[in-house]
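Down below is the structure, laid out as structure tokens.
In this chain, numbering begins with 1 at the start of the sequence shown.
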Amino acid sequence: MKLRAYNDADADPEMMRPTYCRWETLSAVKKGISYYHPDKDAEWSIRRLEGNPTRSVVVRELMKRVLLDEVAGNGAESMERGPFVEQEYEQAIDLMEENDDAEERLFTSGIFRIQYNLGGRIDDVSKQKCVNLVANKDIQHDNLSLITKLNWSKNVRTKKQAPWQILIGAKDRHYCVLIGLAMWLEFMIVYGRDKGCEFVWGYRGSNDVDSIRDKASKIMKQVINDPVFDIVLDEKKGTHSMRKFATDFAKRNGIHKDDIDHRFRWRSKRMQDNYASTTIPSTDAKVAAALCKGGPIHYHLKEYSGINDEWVCDKVCPNITNTYGPVIGKVLGRALLWCVYDTEQTKVVPIFMVDRIKEVYNEVTNKRLADGENPVEKVPLYVSGDTNGNLILEPMIEGVGEDIPQNETKEQELERLRKRYDGKTLEERAVVQRTSGEQIDRLGSNIAGLDRRMNTMEGNAERRHEVMMQRQDRQDALIRQLLRQPYRVLGQKGRSGRDVLPHLPHHDDRTSRLAAANSAAVAATEASRSLASLTDNPRCLHTLWHEYNVGLGGKKAAKLFTNRERGRDRSRYSKRLVFWKKIDQMVRAGHTSTDAINKVMNHYGTNLSVTKTISRMTKDQKEKTYPAILN
């Protein structure tokens, strides 16, 4: 151990510094020796010189000393890679895209974009399989995004499948994963690199994961060591810096650490991870949107460009379409078309691809674009989730407060549409719609909170009512017991010195006491009957449910009635029970009582009386024709 740390087996830790290896290296060496030792579970005995030497006091003290020297800055130099900052990351992407070798240029810029977007190691991204790059399974969002799946992060041990994760575009081209995929896949398939290759990033058609990883790492090292590369933070950089930068970027944009763990496939040791689903679209998309500098976007074909998605699949990316299908073809094809007509990104696309696409687009006759205008616009994308955790993706295409005249000419329409895609207008629209979306989200959260509070209050009211009824029953029982007992008159003594009953002529004392007790029992029974009774005419279904769940006017809740109390008003109770059971069933299924009652009212009619609503529900129950909305 001393030889590894000090390069001297007889070194004195008090006099020398451990500059030849780090504490982590010594820990790995210690574990390796202990693993193969026959007495690895036995403590080291200094007297008998037997046992596991790595568990001796001397080794522990040596490890502690090495760690203290490292903390004090007197140890070996750390090989840990620090995170990129924005300037360094964008420099790295620019230098990769300036490479004269087209395949290296597209390979490295694409693989590091997706490493940043998914927060994976370069090993994980190198193993991304072609079969795991698919269209979004939600048909409402398949025109706006893709989904993919990588392996779990390092040291994660679970039998669960890795999650499906969303890929969306970013306004800043350095951070957009779609353009990296579009350029690389079209190039890869044109040159036949996909033949027999199962990996998305199969450089020169390689099926060897190690060679893919080593090629990416080698080019990253060349970029960092390039004299042009300006290091902002004086730390060692490498492929792992990309992952740390993505984590910092998401945190700076207000993403919770649990959501980052979910997106980057890091698992904790909490019990909930054994039961929770690995794929949560709304959480995953929220982190993906935060990683998009300038905001998430949708590549949208302008209405006056003269082309549609089918044209894009056939002319822009026919190879991607044939290999991955038209849904992926139109998503990546629009991104590729934007690259071709963008003044900066067109330099990255291979020349033969640019010439081919521009040639076929020049043949389109019904386009009304200005000279040099891009047929594809980056439209802001609203990313959110509802109260049930469902993903919401909404492109902000419609103009805010856009005034469309009735007799609009083609020139006026063209001018209006061009104004719609003006950069300032897009920014204003994004701010307005995102603010509205956030307000809607907050409103939905407040409503959900109010529902929870109402349910809690209803439960508390039910418990208070039950306690009150139990106390009243005990008091009634005590009163009846006291009235049935004989009483004594204090002050009168018999021969034995005990109190005796007074002599009341012409009066049967026992009979009067029994009559008083019976009248008290009758009065208590009448009181209990009045507390356990149903109202005559409930005004609405909400009142009817309140009668069952809590009780009206201080009366007992109908669900707490005994068999005798239900029998006293059997007709009304049995009729109303149809409604009560249905609402109770819907509440148990996850609805709030208010939502369940509103659904019943909307189905049977809001203007229908309580009696007619119950009659129709009884008929549906007998014929088993309840609609699916009431399940």
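- One finds the CG atom of Asp230 at 7.5 Å from the CD atom of Glu88 (value rounded to the nearest 0.5 Å).
- The side-chain hydrogen bond (donor to acceptor under 3.5 Å, both in side chains) test with Glu90 singles out one residue from His174, Arg173, Lys293, and that residue is Lys293.
- To the nearest 0.5 Å, atoms OG1 (Thr25) and NZ (Lys30) are separated by 14.5 Å.
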Q | salt bridge (charged side-chain N to carboxylate O under 4.0 Å, His left out) assessment of Asp69 paired with Arg17 | A | CA-CA 7 Å; Asp69 284 338; Arg17 296 180 180 180; over 6 Å; no

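- With rounding to the nearest 0.5 angstrom, the CG atom of Asn7 is 4.5 Å from the OH atom of Tyr20.
- For the side-chain hydrogen bond (donor to acceptor under 3.5 Å, both in side chains) test with Asp124, the passing option among Arg121, Gln128, Lys127 is Arg121; the others fail.
- Ring geometry for Trp266 versus Phe264: interplanar angle over 60°, hence perpendicular rather than tilted (30 to 60°).
- Residue Asn374 comes nearest to Leu337 through the heavy atom pair OD1-O, 4.2 Å, listed as atom of the first residue, atom of the second, then distance.
- Counting only distance, with no hydrogens or angles, the side chain of Asp259 and the backbone of Val287 share no donor-acceptor pair below 3.5 Å.
- Residues Pro83 and Ser241 form no side-chain contact, since every pair of their non-hydrogen atoms from C-beta on lies 4.5 Å or further apart.
- Under the 3.5 Å distance criterion, the side-chain polar atoms of Asn52 are matched with a main-chain donor or acceptor of Lys40.
- A salt bridge links Glu97 with Arg113: the distance from a Lys NZ or Arg NE/NH1/NH2 to an Asp or Glu carboxylate oxygen falls below 4.0 Å.
- Side-chain contact between Leu185 and Leu133 is present, with heavy atoms from C-beta onward closer than 4.5 Å.
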Q: Evaluate side-chain hydrogen bond (donor to acceptor under 3.5 Å, both in side chains) for Ser217 paired with Thr239, printing each intermediate quantity in order.
A: CA-CA 6 Å; Ser217 301; Thr239 58; 4.6 Å; no

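- Within a 6.0 Å radius of CG in Leu49, more than 12 heavy atoms belonging to other residues, nucleotides or ligands are found.
- Ring to ring, Tyr116 and Phe245 are close: their centroids are under 6.0 angstrom apart.
- Although no hydrogens or angles enter the test, the distance criterion places a donor-acceptor pair under 3.5 Å between the side chain of Arg243 and the main chain of Gly119.
- Classified by interplanar angle (parallel below 30°, tilted 30° to 60°, perpendicular above 60°), the ring pair Tyr89/Tyr175 is tilted.
- Of the residues Glu104, Arg105, Gln222, the one that meets the side-chain hydrogen bond (donor to acceptor under 3.5 Å, both in side chains) test with Asn99 is Glu104.
- Here the straight-line distance linking atom CD of Gln115 with atom CE of Met242 works out to 5.5 Å at 0.5 Å rounding.
- Put simply, the side chain of Asp342 gets close to the backbone of Gln345: a donor and an acceptor are under 3.5 Å apart.
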Q) Yes or no on side-chain contact (heavy atoms from CB on, under 4.5 Å) for Lys244 and Phe84, after CA distance, side-chain angles and deciding distance? A) CA-CA 7 Å; Lys244 293 185 175 182; Phe84 281 133; over 6 Å; no

Q. Could you walk me through whether Asp101 and Arg204 pass the salt bridge (charged side-chain N to carboxylate O under 4.0 Å, His left out) check?
A. CA-CA 12 Å; Asp101 187 325; Arg204 299 196 185 280; 3.6 Å; yes

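- For Arg55, the CZ atom sits in a packed shell: over 12 heavy atoms of surrounding residues, nucleotides or ligands are nearer than 6.0 Å.
- Contact check for His141 versus Asp138: side-chain heavy atoms found under the 4.5 Å cut-off.
- With Trp184 contributing its side chain and Val200 its backbone, the two residues share a donor-acceptor pair below 3.5 Å.
- Of the possible donor and acceptor atoms, one in the side chain of Arg265 sits under 3.5 Å from a partner among the backbone N and O of Arg263.
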Q) Going through the checks in order, is the side-chain contact (heavy atoms from CB on, under 4.5 Å) test met by Val57 and Trp44? A) CA-CA 8 Å; Val57 176; Trp44 174 257; over 6 Å; no

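- With hydrogens and angles ignored, the 3.5 Å screen pairs no side-chain donor or acceptor of Gln165 with any backbone N or O of Leu118.
- Residues Trp164 and Asn132 are in side-chain contact: their nearest non-hydrogen atoms beyond the backbone lie under 4.5 Å apart.
- Just one of Asp94, Leu95, Ile93 meets the side-chain contact (heavy atoms from CB on, under 4.5 Å) condition when paired with Val223; it is Leu95.
- Leu181 has its side chain within reach of Leu167: a pair of non-hydrogen atoms, C-beta onward, lies under 4.5 Å apart.
- Within the model, atoms CD of Glu344 and SG of Cys339 stand 11.5 Å from one another, a figure rounded to the nearest 0.5 Å.
- The two residues Gly82 and Glu235 make their nearest non-hydrogen contact at CA-OE1, 3.9 Å.
- Contact record, Ser384 with Leu391: O-CD1, 3.5 Å, taken as the closest heavy-atom pair.
- Proximity of Tyr6 to Leu62: side-chain heavy atoms (C-beta onward) are separated by under 4.5 Å at one or more points.
- The closest donor-acceptor contact from the side chain of Glu186 to the backbone of Met183 lies at 3.5 Å or more, if one exists at all.
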Q) Does the side-chain contact (heavy atoms from CB on, under 4.5 Å) test come out yes or no for Leu393 and Tyr382, once each step is laid out? A) CA-CA 6 Å; Leu393 294 181; Tyr382 174 68; over 6 Å; no

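- Listed here is the closest heavy atom pair of Lys251 and Ile260: CG-CD1, 3.5 Å.
- The shortest side-chain heavy-atom distance between Cys292 and Ile168 falls under the 4.5 Å cut-off.
- Between Phe107 and Tyr203, the ring planes lie tilted relative to each other; the angle falls in the 30° to 60° range.
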Q) Between Ile297 and Trp338, does a side-chain contact (heavy atoms from CB on, under 4.5 Å) hold up when you go through it step by step? A) CA-CA 13 Å; Ile297 57 95; Trp338 178 87; over 6 Å; no

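- Using a distance-only test at 3.5 Å, with no hydrogens or angles considered, a donor-acceptor pair links the side chain of Ser126 to the main chain of Ile122.
- For the pair Arg193 and Glu103, the salt-bridge criterion is met [side-chain N within less than 4.0 Å of a carboxylate O].
- A donor-acceptor pair under 3.5 Å links the side-chain atoms of Asn207 to the main chain of Gly196, judged by distance alone.
- Residue Ile280 holds its CD1 atom at 12.0 Å from CG of Asn390, rounded to the nearest 0.5 Å.
- In this structure, Arg252 places its CZ atom where more than 12 heavy-atom neighbours from other residues, nucleotides or ligands lie under 6.0 Å away.
- Taking all atoms of both residues into account, the shortest heavy-atom contact from Gly169 to Leu178 is N-CD1, 3.6 Å.
- For the residue pair Ala290 and Ile255, the shortest heavy atom distance occurs at CB-CG1, 3.5 Å.
- Counting heavy atoms from C-beta outward, Met63 and Leu26 have side chains that approach closer than 4.5 Å.
- Judged by a 6.0 Å distance limit and a 45° cone about the ring axis, Lys378 is not positioned over the six-membered ring of Tyr299.
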